[in-house]
Structure formats: structure tokens, C-alpha cells
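Reviewing the structure listed below.
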Amino acid sequence: MSFPLLTVTAAVPAVGAVLTAAVPAARRTAAKWLALLVSLATLALAVLVAVRFEPGGARYQLTESHPWIPDFGVRYALGVDGIGVALIALTALLIPFVIAAGWNDADPLETQSTRWRPTQGFFALILMVEAMVIISFEATDVFLFYIFFEAMLIPMYFLIGGFGDRAHAGSDENAAAQRSYAAVKFLLYNLVGGLIMLAAVIGLYVVAGNFSLQEIAAARAAGTLDMSTNVERLLFLGFFFAFAVKAPLWPLHTWLPNAMGESTAPVAVLITAVVDKVGTFAMLRFCLGLFPDASKWATPVILVLALISIVYGALVAVGQRDIKRLVAYASISHFGFIIMGIFAMTSQGQSGATLYMVNHGLSTAALMLVAGFLISRRGSRLIADYGGVQKVAPVLAGTFLIGGLATLSLPGLAPFVSEFLVLVGTFARYPVIGIIATIGIVLAALYTLVLYQRTMTGPVKEEVRTMKDLRLREVLVVAPLIALLIALGVYPKPLTEIVNPAVEHTMSDVHQKDPKPEVAVEAKNGEAAK
């Protein structure tokens, strides 16, 4: 039997979470190093997955399949395509930075009992989320995917509600209540989406008789899948609703600003750069793969919702006074671009959407982690409490600027390539939507540059005057992310070579081809007339 690489890649952080949680209360530093080493081992396995993956080979590779619940046709079935490989690599890459950035965020307070072990719990929960996200990207059995799609809510609930941002906890008597509200709202929104999806999963089994992506696709291709138009549309809506909550898509987005605002900066990165990507990934793999006709039927409405997300998220970000909530609303706008690219039904749009998932993860991680370092020094999330930071902490200000420029998709940085492809792919089929979506680019420049101007430039505020610059650990967290943003902005080919074949398969699923440019068609007709 071949080595179960995909299982091991997901199992290592899961086992590491258990071991980290079991570290004695007095050995907090040992728990931190153990979690970091486990995350690095997972990253090495993710790199091995990427190396062993052949872009020109079979659609799903490194496959594993074992009976799990035979009476109901449920199998433990794993496999990765190019999109899954890219997102597994992103997840495994970001977790070590999340752990290093949150190195001291969960140390117990002096008022807490020495028997309380928040440090071990904090890092164990992060590793458990990593394991569940990775196996979600690997699952080719719908029921298996659903289990982990829902299960990741539990550790995320405790990370949001139990480990809030200490920068304002001491001065805000309602901090615990606000964290609890944000955690419960996150859980309820996603649970409702998950319950609706569960009904759709059961309906899919009734229609198809199994949960296998490959078998359902083969039955559809052979014309033996007995699924009426109305049933397909209802099942599609059940799946899409759950993914739209996770993504998050307007108007199901309202949990995200609360969750990110009340979390520590590393947990906020975990939410928007890692966990939320499961929603957009699932739209490609499950919505388009299982329900191609219903996906095309719903496309006009989804594109409008994505467009609203783009403009609305950017507009609200412009008016934010809280740094974390500004990044949260900016992410809502970016997810609108991702969803727009997916449902543009063009190869450029879907390639751009996949690249956007990766690049948004890198840029948001860089910006949010530096913002977290800034907030921890000043003890405030309010933009108005800063000013002149670049004069006292130039390295912090410089990295903050690069993270912000990546967020607004400056040419030369990685998000530009993905945003450009999404807009080109959308314009090719839906020109009006593509044109209106460019408003989001203008607004992104506005909220990013205004944020930098108000916090980093101008007179040095008295409370900022003694602010220290980034420490070595913090530089080591941010510098690789910035290097990747620049490298993928200049040379994205290694990523596109992995992603593009998977996009071609998705386009084939929905029976779509890229529209021919009208200018080229007119020129050809003109030559024929001559």
C-alpha cells in the first residue's frame, strides 16, 4: 500500500494538538515550541504534497479511499487537485507565523490560577483548526467534508471567545461580554448554514445513492444520474448558503467584523486567511462540480451579491475607526472579488479567484499581524490614537505600508495578478459587472492610504513617542510574508502552473468555454470580407 501522505499531513497537526494540550501547566514555553515544531513538520509535508503533485496528471492525485460507514456509502476518501494543493500549502505556511506572532498572547494573567493552562489550550486549538482545514481541502467524499467543515467551528469558537485581544481588555469592562457575543454570533451563523447544508447532503445521497465526488460526476457524464432541475437547484442552494456564510458573502457577512475585532491578531488571521477559504474552495469543488446546471442558473444573482460585497465592504472600510474592523470589511470586499471570479465562468476568472485565495491569505496575514504588533504596543485599536509612528518605529511602519499596498493590489505585489485576472475574466462575459467592480479598487486605495496616513505619518502623538520598533521575532514573522508577496507578484508562474489544470476541469464540469474576444472576431470577419 502506498504511503498515505494526505492522511499524515492532516494527522500531524491533530496529534500535535493533543500533545500540546497535554504539556504540564508550568511548561508553557515547551508547549509553544512543540506547537511551532509540529506546524513546521506539517509545512514540510505540505511541500512534499506539492512536489509529488503532477499538474498535467490525473484530476485527483495522492488518492486514498477506505470504507467508513458502508451501510450509507460513506468512505474515507481523500485526493487533491491543483486548487487543493495551493490552499493546503497556504494553510501550512501561515500556521507557523500565526503561532510565532501569538507567542505571548495566551500566557496566563497574574490573577489566574497556576493550574489554568491557557497557553497550551491556545496553541492546541490552532493546530486542531489546521488539521480540520487541511482535511477539508483533501476530502473527496461529501459527507467526510461536511464533518470537518462543521467540526472546525468548535476550536474556532473557543479561540474567539476564550482568547480575546488583551490590548483593550484591561480598560474595557465589557471585553469578555463582547468576545462572548462575537464567538456566539460566529457559531450561530455558521451552524445555521451547516444545518441547511446537512439537509442538502442528505438530499444528495437520496438522489445519487453515494457521497463520492468521482462517482457522482461519472454518473452525470454517463447520463445515469436521476436529478431533476428543481431538485438540483434546491440542493445547490443548500450547499451554497453554507459556503456563502463561511466565505463570507453579503448579506451573510455580519459575523466577521465582530469575530476579527474581538480576536487576537493571530486568530483574526486564522479566521480570514485560512478558515474562510474553505467556503470559497467548496464553491469550486462542490457547487460547480456537483450542480453545474444550477450553478449557471444562479450565477446572475450570485454575481450581483458579490458585486455588493465588493463595493459595500470597501465603503464601510473607508469609514471605520477601528483598525481590525477596517481589515475585516476590506476582507469582505476581497471575498466578493473571489466569488465573482468563481462564478464568472471563465478560466481567467477562476484562475484569478484561486490565486486571490492564496494572495489574500498572504497580504491579510502580513497586514493584520503587523497591526497586531502595533496595537499591542499602544493598547488601542482606534485609528485616532495613533500618529507619527514611522518616526519612532520605521521598520514597523514600513512593513505596515507594504502589507497595506498589497491589500490594495499594487502592481508588483501578488494580489495585483489575481485581481487583474478576476476582472479580465468577469469583463469577458459580464462587462457591466466587471466595470462596476473596479470601484472596489479605487476604494481600496482610499481606505488603505488613509489608514497609513492617520496612523504612521504626521506629528508624533505623546502616547506613541516611546513605542518600540519590531523585535527580531516579529521581523522573522513578517519578512517571509512580504518576500512571498513580492516574489509571487513578479513571478506567479509556479502557482498558476499548479492551478490552471484544475480550473480547466472545473470549466469542463459546467460545460463552459471562454468567450471569444469581440475585437478578434470582428477583425476575422473583416479579413474574410476582403
Side-chain angles (χ1 to χ4, degrees), residues 6-7 10 58-60 63-81 83-84 132-154 189-247 252 278-298 302 342 502 505-506 508-511:
L6 297 185
T7 293
R59 179 172 188 176
Y60 294 109
T63 55
E64 304 170 32
S65 183
H66 308 282
W68 184 20
I69 312 176
D71 292 342
F72 295 98
V74 180
R75 299 185 66 84
Y76 175 79
L78 306 179
V80 287
D81 59 3
I83 299 170
M132 293 178 177
V133 169
I134 287 175
I135 204 166
S136 296
F137 292 142
E138 297 173 345
T140 57
D141 182 277
V142 177
F143 189 81
L144 178 67
F145 169 84
Y146 173 78
I147 293 296
F148 289 98
F149 179 81
E150 287 294 279
M152 70 180 70
L153 301 180
I154 299 172
Y189 267 65
N190 284 275
L191 276 179
V192 170
L195 290 173
I196 293 174
M197 180 182 169
L198 177 60
V201 169
I202 295 171
L204 179 66
Y205 176 75
V206 171
V207 173
N210 63 80
F211 296 104
S212 171
L213 276 175
Q214 292 97 324
E215 291 183 20
I216 295 173
R220 181 183 292 279
T224 59
L225 183 64
D226 185 16
M227 184 184 297
S228 68
T229 300
N230 289 336
V231 169
E232 181 179 350
R233 291 176 178 179
L234 286 173
L235 295 179
F236 167 84
L237 291 174
F239 277 77
F240 180 80
F241 184 85
F243 303 151
V245 172
K246 185 86 78 179
L252 305 172
V278 178
T280 47
F281 163 81
M283 290 179 187
L284 278 166
R285 174 168 283 190
F286 297 100
C287 286
L288 273 61
L290 294 172
F291 317 109
D293 295 333
S295 297
K296 290 185 284 187
W297 162 75
I302 294 173
I342 292 171
H505 286 297
T506 304
S508 177
D509 287 340
V510 292
H511 308 292

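Since the model is a prediction, treat every value here as computed from it, not as a measurement.
Here the shortest heavy-atom pairing between I135 and A10 reads CB-CB, 4.0 Å. When all heavy atoms of A200 and G238 are compared, the closest pair comes out as CB-CA, 3.9 Å. Taking each heavy atom of R220 and F291 in turn, the nearest pair found is NH2-CA, 4.3 Å. Scanning both residues, S136 and F145, for their nearest heavy atoms gives O-CD1, 3.4 Å. Closest non-hydrogen pair, R75 versus S65, comes out as NE-OG, 2.7 Å. Closest approach of G193 to A242, counting heavy atoms only: O-CB, 3.2 Å.
Atom-to-atom distance recorded for F211:CZ and I202:CD1 is 7.5 Å, nearest 0.5 angstrom. Rounded to the nearest 0.5 Å, atoms OG1 (T506) and CD1 (I342) are 9.5 Å apart. The CG atom of L290 sits 6.0 Å away from the CG atom of L204 when rounded to the nearest 0.5 Å. The CD atom of E64 lies 3.5 Å from the OG1 atom of T7; values are rounded to the nearest 0.5 Å. From T140, atom OG1 reaches atom CD of Q214 across 4.5 Å, with rounding to the nearest 0.5 Å. Here L252 contributes atom CG and Y189 contributes atom OH; the two are 7.5 Å apart, rounded to the nearest 0.5 Å.
Between the D141 side chain and the A139 main chain, no donor and acceptor come within less than 3.5 Å of each other. Although no hydrogens or angles enter the test, the distance criterion places a donor-acceptor pair under 3.5 Å between the side chain of Y146 and the main chain of G194.
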Check your understanding: Going through the checks in order, is the side chain to side chain contact (heavy atoms under 4.5 Å, CB included) test met by L144 and V74?
Key -> CA-CA 8 Å; L144 178 67; V74 180; 5.7 Å; no

**Study point:** Step-by-step side chain to side chain contact (heavy atoms under 4.5 Å, CB included) determination, E138 to F148
**Key:** CA-CA 11 Å; E138 297 173 345; F148 289 98; over 6 Å; no

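No side-chain heavy atom of F72 sits under 4.5 Å from any side-chain heavy atom of F143. Proximity of Y205 to V142: side-chain heavy atoms (C-beta onward) are nowhere separated by under 4.5 Å. For the pair K246/M152, a side-chain contact is recorded, criterion being any heavy-atom separation below 4.5 Å from C-beta on. Side chains of D81 and H505 form no contact here, defined as non-hydrogen atoms less than 4.5 Å apart.
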Under 3.5 Å, sequence neighbours excluded: what are the donor-acceptor pairs made by side chains of residues 225-235?
unit_1: S228; atom_1: OG; unit_2: V231; atom_2: N; d: 3.3
unit_1: E232; atom_1: OE2; unit_2: D293; atom_2: N; d: 3.1
unit_1: E232; atom_1: OE2; unit_2: A294; atom_2: N; d: 3.1

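Taking the six-membered ring where the residue is Trp, F137 and F281 present perpendicular rings, their angle passing 60° and hence far from 30°. Ring geometry for F240 versus F236: interplanar angle under 30°, hence parallel rather than tilted (30 to 60°).
With ring centers used as reference points, F149 lies under 6.0 Å from F243.
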